[in-house]
Q: 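Mind looking over this structure? Questions follow.
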Amino acid sequence: MDKVDSIVIVGGGTAGWLTAGVIAARHQGRRPHGFSVTLVESPNVPIIGVGEGTWPTLRSTLRKIGVSETDFFRECDAAFKQGARFNRWTTGEADEGYYHPLMLPQGFARLNLVPHWLENGDESFCDAVTPQGRICDQGLAPKTIATPEYEGLANYAYHLDAGKFSKFLTKHCVEKLGVRHVLADVSEVVQAPNGDVACLKTADGQAIDGDLFIDCTGFKALLIEGAMKVPFRDCNDVLFCDTALAVQVPYADPSDPVASHTISTAQSAGWIWDIGLPTRRGVGHVFSSSHVDADHAERELRDYIGPAARDLTVRRIPIRSGHRETFWKGNVVAVGLAAGFLEPLEASAIVLIELSAKIIAEQLPPNRDVMDVIARRFNDTTAYRWGRIIDFLKLHYTLTKRTDTDFWRDNTRAETIPDRLQGLMELWKYQTPWLHDEFDRAEEVFPAASYQYVLYGMGYRTDVPPGDVAAERELAQRVRRENDALTARLLAGLPGHRDLLSKISQHAMMPV
């Protein structure tokens, strides 16, 4: 019986090193008994680094692999992320926008506040149910310097420099977790008679054997496509954006405020992301080349940035929206861009790496005999998650009331909306998403609260029976008062985002 003791990851970057860290940390106890994680990385392939936004899941991931949050902030040019603000998505008007925050609505486990908010409608849905939009509006951080590492007074994720993050993970995985690092180009993939990958041959003459190979070679997909011939499933008929223009924007003054949320501003045929890091902003335009040419898209990007864009170099990145038909075939698993890619609208790239790495680490096959069983389970779960992310991204476009360009009109055509999403939108005319429905399952990526924030942030209306509101009105009023009190307390006690980042640089957060 062939034991699975040797894990070989091909490709570095965030996908490779995060996967290596999660697996190595989980199986540290097996190292004295022959277990090993090897990462083979080309010295000649640059990091793409489009996504600089993460989910709160990264906090638990970094904590589990033994990373100091203070070190992470200092070495990765990191900042706090408390959600995203979507501007001009609903009507296109300059002053229109809403938040998708990271905190759940107040009392979410006890009560669905949507029907009560619909009855009153006296403020934005976000402000009615959580303090986080107001925290972001005032430029505040989600914690204080006295809050222990990885804990928060408000829920948070991170913005980070992808290149620095990869180097940070490399050092941690090699020095702390015992990952073997091989800097070499793969020249040949040798396959066994059953189709499995037997070993890798490198340009400098090495032969690297393994029991399980993880493909983190990005769009090249050296193993999953090159060796295993797994096809790619496009979803450009649903998500139209196929190009990104990215630029790094310096602050006019080093003391300028740092936004603690991603800013997403709709354009004529796509949208612009704006991510604040301590030393710069990462700004980019994601657009559909079928609806607007690159020159026009770049003018929109430079107009958004303003005079500071005059001397900045714009990098063009193709987006091939979709994913592999199969993610784990034989003894090869695809993670990261090798598995697929979607536009970075809700920062799903890194969380998909985390989720895949977690399953691989927790369900690592003890031997080759059961690998195919685990692979089928992995494929079912991963395919479901990709499908739900596609649905959720499309929801943002489907809800628009914009009719000013073909891009926005085309996004609302029924034939471009997945069947499952169409069914949900029909259901949401009469029922609001909440707990104990189809979003309350382990395979889900976005909770019901996320659907609430986008739906009601974009002006969607649900026809709720009056009796459903009256039965819980007293509890709803109490929960709203709790939210008002929490909002006041946090607004009074949280520091400015830039101030906290400076303190973390100079001092340190309390260790766990």
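On a predicted model such as this, the values are computed, not experimentally measured, just so you know.
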Q: Are the aromatic rings of Phe446 and Trp55 close, with centres under 6.0 Å apart?
A: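 Centroid separation for Phe446 and Trp55: below 6.0 Å.
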Q: Evaluate the ring planes of His100 and Tyr453, with Trp represented by its six-membered ring, and classify them as parallel (under 30°), tilted (30 to 60°) or perpendicular (over 60°).
A: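 Answer is tilted, since the angle falls between 30° and 60°.
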Q: Do the side chains of Leu345 and Phe392 get nearer than 4.5 Å, heavy atoms only?
A: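 Answer no - side chains too far apart.
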Q: About how many Å separate CD of Glu225 and CZ of Phe219, when rounded to the nearest 0.5 Å?
A: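 One gets 12.0 Å once the value is rounded to the nearest 0.5 Å.
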Q: Answer with yes or no after comparing the ring centroid distance for Trp17 and His181 against a 6.0 Å cut-off, counting only values under it.
A: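 Yes, the ring centres sit under 6.0 Å apart.
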Q: Any pair with a residue in residues 262-271 that passes salt bridge (charged side-chain N to carboxylate O under 4.0 Å, His left out), sequence neighbours left out, goes on the list, sorted by first then second residue, please.
A: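 The answer is none; no pair qualifies.
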Q: Look at atom CZ of Arg30 and say whether more than 12 heavy atoms of other residues, nucleotides or ligands are closer to it than 6.0 Å.
A: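 Yes, the 6.0 Å shell around CZ holds more than 12 heavy atoms from other groups.
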Q: Check this for me: does any side-chain nitrogen of one of Arg63 and Glu69 sit under 4.0 Å from a carboxylate oxygen of the other?
A: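 No, no charged N to carboxylate O under 4.0 Å.
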Q: Going by the salt bridge (charged side-chain N to carboxylate O under 4.0 Å, His left out) test, which pairs reach into residues 334-353, not counting sequence neighbours?
A: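 For residues 334-353: none.
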Q: Would you mind listing every salt bridge (charged side-chain N to carboxylate O under 4.0 Å, His left out) that reaches into residues 260-271, with sequence neighbours excluded?
A: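 Salt bridge (charged side-chain N to carboxylate O under 4.0 Å, His left out) check on residues 260-271 returns no pairs.
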Q: Could you tell me if the ring centre of Phe168 sits under 6.0 Å from that of Phe73?
A: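 No: the rings miss the under 6.0 Å criterion.
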Q: Less than 3.5 Å apart, which donor and acceptor atoms pair up between the side chains of residues 354-365 and the rest of the protein, not counting sequence neighbours?
A:
residue	atom	partner	partner atom	Å
Glu354	OE1	Thr57	OG1	3.4
Glu354	OE1	Leu58	N	3.2
Glu354	OE1	Thr61	OG1	2.6
Glu354	OE2	Thr57	OG1	3.0
Ser356	OG	Leu352	O	3.1
Lys358	NZ	Glu362	OE1	3.3
Lys358	NZ	Glu362	OE2	3.1

Q: Would a line drawn from the ring center of Tyr158 to the ring center of Phe72 be shorter than 6.0 Å?
A: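 Between Tyr158 and Phe72, the centre distance is under 6.0 Å.
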Q: Evaluate the criterion side-chain hydrogen bond (donor to acceptor under 3.5 Å, both in side chains) for residue pair His285 and Glu298; output intermediate values, then yes/no.
A: CA-CA 8 Å; His285 188 179; Glu298 184 171 334; over 6 Å; no
Q: Does the pair Asp391/Arg388 count as a salt bridge with the N-to-O cut at 4.0 Å?
A: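 Yes, Asp391 and Arg388 are salt-bridged.
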Q: In Å and rounded to the nearest 0.5 Å, what is the CE to OG1 distance from Met510 to Thr144?
A: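 Reported value, rounded in 0.5 Å steps: 9.0 Å.
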Q: May I ask you to decide if the ring planes of Trp89 and Trp271 are parallel, tilted or perpendicular, using 30° and 60° as cut-offs?
A: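 Trp89 vs Trp271 ring planes: tilted.
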Q: Salt bridge (charged side-chain N to carboxylate O under 4.0 Å, His left out) with Asp161: which residues, sequence neighbours excluded?
A: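 For Asp161 the salt bridge (charged side-chain N to carboxylate O under 4.0 Å, His left out) partners, ignoring immediate neighbours, are Arg280.
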Q: With salt bridge (charged side-chain N to carboxylate O under 4.0 Å, His left out) as the rule and sequence neighbours excluded, what pairs involving residues 263-277 come up?
A: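 Every salt bridge (charged side-chain N to carboxylate O under 4.0 Å, His left out) pair that includes a residue of residues 263-277, provided the two are not neighbours, is Asp274-Arg281.
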Q: If you round to the nearest 0.5 Å, how far is SG of Cys216 from CG of Leu222?
A: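 If we round to the nearest 0.5 Å, Leu222:CG and Cys216:SG are 11.5 Å apart.
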